[in-house]
Amino acid sequence: MRTSEYILATLKETPSDAEVVSHQLMLRAGMIRKLASGLYTWLPSGLKVFRKVERIVREEMDKAGAIELLMPVIQPAELWEESGRWEQFGPELLRINDRHGRPFALGPTHEEVITDLVRREINSYKQLPITLYQVSTKVRDEVRPRFGVMRAREFTMKDAYSFHMTDECLEKTYHKMFQAYCNIFDRLGVDYRPVIADSGSIGGNLSHEFHVLAESGEDAIAFSDESDYAANIEKAEALAPTEARPAPSKELNTFDTPEAFTIAELKAKHGVKPHRGVKTLIVYGAPDEDGKRGLVALIVRGDHDLNELKVEKLALVDSPLEMASEEDIVNTIGAKPGSLGPVGLSMPVIVDRSAAIMADFVAGANKDGVHYSGINWDRDVSAYTVEDIRNVVEGDPSPCGKGKILIKRGIEVGHVFQLGTKYSEAMKAGVLGEEGKNQTLTMGCYGIGVSRIVAAAIEQNNDDYGIKWPVAIAPFELAIVPMNMHKSHRIPEIAEKFYADLQNAGIDVLFDDRKERPGVMFNDMELIGIPYTLVIGERNLDENKVELKNRQTGEKLMLDIGSAVETIVNAIKSK
RNA sequence: CGGCGAUUAGCGCAGCUUGGUAGCGCACUUGGUUUGGGUCCAAGGGGUCGCAGGUUCAAAUCCUGCAUCGCCGACCA
């Protein structure tokens with residue numbers, strides 16, 4: 001490709017609404033442009049990267065025995081009603097009506113459609129197991145799209161679905177997919193980790209997420225510093241403390257706290273250390289037979305955070321989890337949030353394991369502007385249950401039994417699930433088994449965010465000058481930058497020859513044939529992140545040399561003109 | 001969904017307080033100059049000042065409503 005016949009679309013200035021580095025660089029490097037909130041056009045350079053990621057994903061899926069197909073974005077509501085997700089999915093499911101007023105959804109994922117297809121097409125155990133996949137556009141009406149294509153409303157995902165007669169068979173495919181994912185991320189050249197995960201709204205049992213590690217990641221991952229344990233923080237168990245609860249040594253006392261309604265204020269104004277107090281959070285309980293929801297109190301240590309996912313799974317608590325309104329709290333307890341505590345509460349009280357071994361602690365007195373000190377479990381609060389309801393923090397013992405927890409941030413780029421029979425049962429997808437009896441299929445599903453990978457790779461590979469692409473997914477492998485080509489006759493000649501020879505050798509080349517100053521060209525090529533730049537200038541030509549620059553290392557090599565093509569091809573193809 | 005903020009040329013912004021000819025930098029076009037790291041000079045093109053309504057002789061500027069975009073929050077106890 002010649003720059004003169006291409007849209008480089010690079011920007012000197014950073015658009016003001018781009019927050020994270022990958023979003024800024026994708027705009028500046030001319031990869032994407034925003035159409036509306038969470039909707040992006042892929043410009044030529046962006047699309048080239050996107051296609052390279054897509055290709056690696058396809059190759060590895062094919063290698064793992066998955067078969068590609070393509071399903072519609074627009075899906076009839078009936079299918080979603082059948083699986084129960086028309087109700088369950090919430091406003092993220094973008095719904096439309098056709099001209100006849102019939103309801104449809106724009107597919108955020110394709111479990112329903114694939115299950116419907118398989119129940120029609122697959123009739124015998126002999127056709128199983130089978131893994132089908134597609135690379136397609138997904139639509140999710142995100143509450144808050146952000147970070148460019150990282151959390152967009154329309155994005156591209158590779159989604160695969162496997163169907164089996166038995167759980168053992170599902171497990172085998174699951175491991176095969178897991179390995180295929182590792183191969184994919186290895187080839188993409190990103191630093192990633194598979195982590196134990198929750199299966200979320202997709203449903204199912206065992207599940208792993210693949211995360212690209214980056215500061216800007218929206219997920220927190222808990223690692224062990226001594227083993228290869230890694231889990232999404234929402235899934236990492238906070239082990240029960242091994243130490244025993246000290247005996248009470250103080251009397252229960254009240255003290256006035258008229259201006260302290262948060263843990264931070266309690267610390268600032270009354271010197272209460274956060275780990276010596278507890279937070280009391282009020283949520284709605286599971287509905288009773290009449291559908292009425294009571295309140296439930298959740299107690300965690302002042303310096304700990306509640307884990308909503310763990311709470312949601314408790315039988316006493318309504319799912320999805322919802323914080324009680326201030327009105328309901330005042331009406332039931334007689335005090336506002338900020339002055340609540342476990343003493344004298346007439347509702348179920350669920351205490352975190354770490355809070356349950358505290359003695360002589362501080363909490364609100366359920367009276368505005370008053371706190372208790374010297375609270376002790378059993379003596380002052382009789383009815384309560386103990387559960388794991390908090391997020392792990394750094395330094396906690398690892399749930400795997402070895403080492404301590406470290407917390408890092410990650411961008412979720414892949415997710416594999418063992419779904420089980422959630423969809424096949426609801427949608428009656430079964431086949432005849434060996435004994436001639438109908439048997440419900442068991443399913444797995446496996447997603448990779450193709451567009452998100454592009455952004456995640458940039459988060460991990462950039463510097464002050466721009467993007468530093470891994471060769472495998474760079475928009476171009478090499479840039480030819482001639483110095484002042486229009487002032488010379490031999491430079492264009494040699495540059496053209498290199499352009500032709502390198503292309504013939506299978507290198508993806510961008511030939512910067514613009515009439516620009518060298519600095520402008522260098523800056524553009526570095527911003528776009530092309531891994532190698534071949535600089536052709538009079539200065540070196542006199543010695544029969546050209547210069548090869550490596551974007552990753554900054555290293556410059558002088559090459560003899562005669563052997564340069566071979567050297568370059570070897571360097572690039574070895575990656 | 002709640003709070004805050006923004007909206008003026010393709011991009012980044014000023015002008016608004018105190019109403020009176022719509023500006024700057026980058027980008028773009030033309031000419032010249034320069035040429036191994038975003039040259040310099042000159043001339044030019046490009047705007048329903050987000051939309052609707054109101055106040056006024058006069059509104060980018062003041063008032064009201066709406067829309068869009070963004071940030072933060074939804075762990076506050």
Side-chain angles (χ1 to χ4, degrees), chain A residues 7-20 23-24 27-28 30 33-39 90-92 142-148 233-234 257 260-266 274 277-283 295 297-311 320-326 329-330 333 335-342 345 352 362-371 389-391 465-466 481-488 491 514-527 533 535-541 546-547 549 556:
Chain A
I7 306 181
L8 269 189
T10 53
L11 304 174
K12 263 192 198 173
E13 281 164 309
T14 306
S16 60
D17 54 359
E19 185 80 353
V20 294
H23 187 195
Q24 293 173 349
L27 290 165
R28 290 228 290 136
R33 288 292 183 263
K34 183 170 73 181
L35 176 66
S37 177
L39 301 172
E92 248 175 51
E142 292 285 348
V143 204
R144 191 175 159 202
R146 60 180 147 173
F147 304 159
I233 198 162
E234 58 186 26
T257 52
F261 298 98
T262 66
I263 295 289
E265 286 167 350
L266 216 50
V278 301
K279 293 195 255 198
T280 305
L281 296 98
I282 309 296
V283 300
L295 298 182
L298 307 171
I299 313 283
V300 296
R301 214 169 75 186
D303 56 336
H304 285 154
D305 286 336
L306 190 73
N307 180 310
E308 299 193 13
L309 207 76
K310 291 175 181 174
V311 172
L321 183 73
E322 193 187 338
M323 290 289 166
S325 68
E326 183 166 324
I329 291 172
V330 171
I333 302 173
K336 282 191 232 166
S339 301
L340 305 180
L345 269 188
D352 182 67
V362 172
N366 298 323
K367 199 171 152 194
D368 284 340
V370 183
H371 276 73
I389 57 170
R390 71 171 171 97
N391 280 338
Y465 302 100
V481 177
M483 299 291 98
N484 308 308
M485 187 162 71
H486 59 285
K487 283 275 176 79
S488 156
I491 288 179
R514 292 175 297 175
K515 192 181 167 184
E516 284 290 356
R517 295 169 54 81
V520 174
M521 293 175 162
F522 288 137
N523 279 310
D524 270 344
M525 297 307 119
E526 278 158 20
L527 174 59
T533 301
V535 185
I536 301 172
E538 291 286 352
R539 210 163 68 183
N540 298 319
L541 242 38
V546 287
E547 182 185 311
K549 289 208 299 188
K556 295 177 183 178

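Across rA6(B) and rA27(B), the matching C1' atoms stand 23 Å from one another, rounded to whole Å. For rU48(B) and rG53(B), the C1' atoms lie 16 Å apart once the distance is rounded to whole Å. Annotation: rA58(B) and rA14(B) have their P atoms spaced 30 Å apart (nearest Å). Here the separation of rU35(B) from rG50(B), taken at their P atoms, is 45 Å to the nearest Å. rC4(B) and rA60(B) are spaced 23 Å apart, taking the C1' atom of each and rounding to whole Å.
Taking the side chain of Asn484(A) as heavy atoms from C-beta on, and the options rG70(B), rG36(B), rU39(B), the nearest nucleotide is rG36(B). With distances taken from any side-chain atom of Lys279(A) to the nucleotides rA77(B), rG36(B), rC71(B), the minimum falls on rA77(B). In this structure, of rC69(B), rC72(B), rC76(B), it is rC76(B) that holds the atom nearest to the side chain of Thr262(A). With rC1(B), rC72(B), rU34(B) as the choices, the nucleotide that has an atom nearest any side-chain atom of Arg146(A) turns out to be rC72(B). Among the nucleotides rA77(B), rC69(B), rU39(B), the one closest to the side chain of Ile263(A) is rA77(B). When each of rA77(B), rC72(B), rG70(B) is scored by its nearest atom to the side-chain atoms of Arg144(A), the top-ranked nucleotide is rC72(B). The side chain of Ser37(A) approaches rC69(B) more closely than any other nucleotide in the set rC69(B), rU39(B), rC71(B).
Applying the salt bridge (charged side-chain N to carboxylate O under 4.0 Å, His left out) rule to Arg517(A) yields no partners; only residues at least two apart in sequence or on another chain are considered.
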All N/O contacts under 3.5 Å from nucleotides 13-16 of chain B to the protein, with atom names and distances to one decimal?
| residue | atom | partner | partner atom | Å |
| --- | --- | --- | --- | --- |
| rC13(B) | OP2 | Ser16(A) | OG | 3.2 |

Table of protein N/O atoms under 3.5 Å from nucleotides 25-29 of chain B N/O atoms:
| residue | atom | partner | partner atom | Å |
| --- | --- | --- | --- | --- |
| rG25(B) | N2 | Glu13(A) | OE1 | 2.7 |
| rG25(B) | N2 | Glu13(A) | OE2 | 3.4 |
| rC26(B) | O3' | Lys12(A) | NZ | 3.4 |
| rA27(B) | OP1 | Lys12(A) | NZ | 3.2 |

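Contacts of Gly364(A) with the nucleic acid, taken as non-hydrogen atoms under 4.0 Å apart, are absent.
Shown here, rC51(B) forms a base pair with rG65(B); the pair counts as Watson-Crick or G-U wobble because both key distances fall under 3.5 Å.
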